[in-house]
Protein chains: 2
Amino acid sequence: MTKGRAGEAVLARVPKSTFRAHIADGLRAAILNGDIEPGAQLVETALAEQFGVSRGPLREAMRQLIDEGLLVAVPYTGTHVVGLSVDDVREIYSMRVTLEIFAFEQIWARREPAFRQGLVARHDALTACIDAEDDAASIVAELQLHGFVYEATGHKLLIRTWESIRGRLQLYWAAHHRAHGIRGPRRDGHDRYVAMALADDFDALKAEITDHMARGGQQTEAFLRNREAGAVQGP
Amino acid sequence: MTKGRAGEAVLARVPKSTFRAHIADGLRAAILNGDIEPGAQLVETALAEQFGVSRGPLREAMRQLIDEGLLVAVPYTGTHVVGLSVDDVREIYSMRVTLEIFAFEQIWARREPAFRQGLVARHDALTACIDAEDDAASIVAELQLHGFVYEATGHKLLIRTWESIRGRLQLYWAAHHRAHGIRGPRRDGHDRYVAMALADDFDALKAEITDHMARGGQQTEAFLRNREAGAVQGP
DNA sequence: ATACGGCAGATTGTCAACAATCGACTGATG
DNA sequence: CATCAGTCGATTGTTGACAATCTGCCGTAT
């Protein structure tokens, strides 16, 4: 099996499971879902007992989330879920404009049928979620739509950076959702976005991305400005 | 002290030291210095004994380097120092162009005297290292010169991405240095770079950055192409 | 009333032992 | 001779106990 004798089709590798990975996923989901509020303190002993594991694996999972920018830790003192500041949001959206245009530059010449199909499929999924008024699913679907562009480049560093952005955005949107109720992504904006991504006017797409992000950024900043300033700041 | 009573000047906070941080720094330095070859396996028990600590802190330090992209681990099997592939280098240099232009966009309007002084100081340091033909120091000095631009933006995510790039570049250059001997950064290129960063023609600077990176990328790719392909690939 | 010193609780950092898994080797077997 | 089950050494994953450090509180002295 290791030598791929059973034809060219590589069977999906069974993921080697470690507690660390599972805990990191579960903890990340809990934070992004809003089950754990921004600013809340995470105590290792309590969490370890909750997950039913020792502190060792849990510590490593928390380290991973710290590296992802979802938690912030002070030695011998405590670990907290980060909150997003206005400055954070501003830099995230300005970086999204730059990185997403960069991503399209990398793949512009080779938007093969596979890419077009993948983009359309994710757009359809997003549309379905929006029509169903499933806000939580819409958020995930929108991030998957944008993330598909980054993944299509194959640039590992870019993908990693996007994942970091994605986590922070999801953290904000979860809070936004809890505070304001239904306020998911709108579909007209993404209809234009996808149409332009598949057309051949690169300058128009650049402008659309810039506008797209400007709208999102303004909405985000407005929400954060109306919030109490007690959130723990990220690294 | 916590309330800042002693005037506005915030005294530099004494860094809280943990083994994890020291080990991560030491291990990173050893890898980037070339004391540990790319592709080499790192065994936890051996390293722990070498550092004089238990496996716990060492594991967390290694996790950190894995997140930084310097190591790659397979559960229950082993951890290795990554090698850079030609594709990795290509994407790193193309991202450097985009990110460094983005960084200058962010600070262009507010290149205060402090920024100019900082840039000149790092350029002087680099020049001194080059004149002294201290190759290892030149590499570090060059990365600090470029890194200063990213830090000046204050964008945490951007800085973090740069640190990841910096680590990979330093990893390559260390190997390059060992293989080819003296081949440090040249000073004329950086003279132009700094001069343009302080002047007011942004388009000219963009072109200079593009050329700068193109030269570096070609040199890097040429070296990697002449190498055996047995290096462990990064994540 | 305020500043200082020390105590106590809570939390994280560290350690050494144990368990699970992997990769290679060996030897039997068709 | 190829193939496969079993075993063994090596390496990482996991655990529970112990130590170091921080924060808040209380009492005391000025």
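Nothing here was measured: the structure is a model prediction, and the numbers come from that model. We name chains A, B, ... by the order of the sequence lines, and we start the count at 1 in each one.
Contacts between residues 18-30 of chain A and DNA chain C, defined by a heavy-atom separation below 4.0 Å, involve no residue at all.
Looking at A:Asp88 and A:Ser85, their side chains do bring a donor and an acceptor atom within 3.5 Å of each other. B:Tyr150 and B:Glu100 share a donor-acceptor pair across their side chains, judged by distance under 3.5 Å alone.
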- Run the numbers on A:Phe115 and A:Phe148 for ring pair (Phe, Tyr, Trp, His ring centres under 6.0 Å), then give the verdict. CA-CA 9 Å; A:Phe115 171 77; A:Phe148 181 70; 5.6 Å; yes
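Taking atom OH of residue B:Tyr76 and atom P of nucleotide D:dT14, one finds them 5 Å apart after rounding to whole Å. Atom CD of A:Glu60 and atom P of C:dT12 are 16 Å apart (whole Å). The separation between A:Glu44 atom CD and C:dT11 atom C1' is 8 Å, rounded to whole Å. Note: CZ (B:Arg55) to C1' (C:dC15) measures 11 Å, nearest angstrom. Between B:Leu58 atom CG and D:dT14 atom C1' there is a gap of 16 Å when expressed in whole angstrom units. The distance from atom CG of B:Leu71 to atom P of D:dT11 is 16 Å, rounded to the nearest whole Å. We find that CE of A:Met62 is positioned 13 Å from C1' of C:dG13, with the value rounded to whole Å. Between B:Arg63 atom CZ and D:dT14 atom C1' there is a gap of 13 Å when expressed in whole angstrom units.
With sequence neighbours excluded, the residues that form a side chain to side chain contact (heavy atoms under 4.5 Å, CB included) with B:Glu68 are B:Arg28, B:Gln64, B:Leu65. For A:Phe102, the side chain to side chain contact (heavy atoms under 4.5 Å, CB included) partners two or more places apart in sequence, or in a different chain, are A:Glu105, A:Gln106, A:His155, A:Leu158, B:Ser94, B:Met95, B:Thr98.
Mapping A:Pro57 and B:Gln41 onto DNA chain D by nearest heavy atom places B:Gln41 at the nucleotide closer to the 5' end.
Within 4.0 Å of A:Leu42, counting heavy atoms only, lie sugar-phosphate atoms of the nucleic acid but no base atom. Counting non-hydrogen atoms under 4.0 angstrom, A:Gly56 reaches a base of the nucleic acid. Among the protein residues, A:Val53 comes within range of the sugar-phosphate backbone only, with heavy atoms under 4.0 Å from sugar or phosphate atoms but none that close to a base.
The side chain of A:Arg59 lies closest to C:dT12, out of C:dC15, D:dT12, C:dT12.
The CH2 atom of A:Trp162 sits 13.5 Å away from atom OG1 of B:Thr161, with the distance rounded to the nearest 0.5 Å.
When each of A:Arg20, A:Arg59, A:Arg55 is tested with B:Glu60 by the rule salt bridge (charged side-chain N to carboxylate O under 4.0 Å, His left out), just one qualifies, namely A:Arg59.
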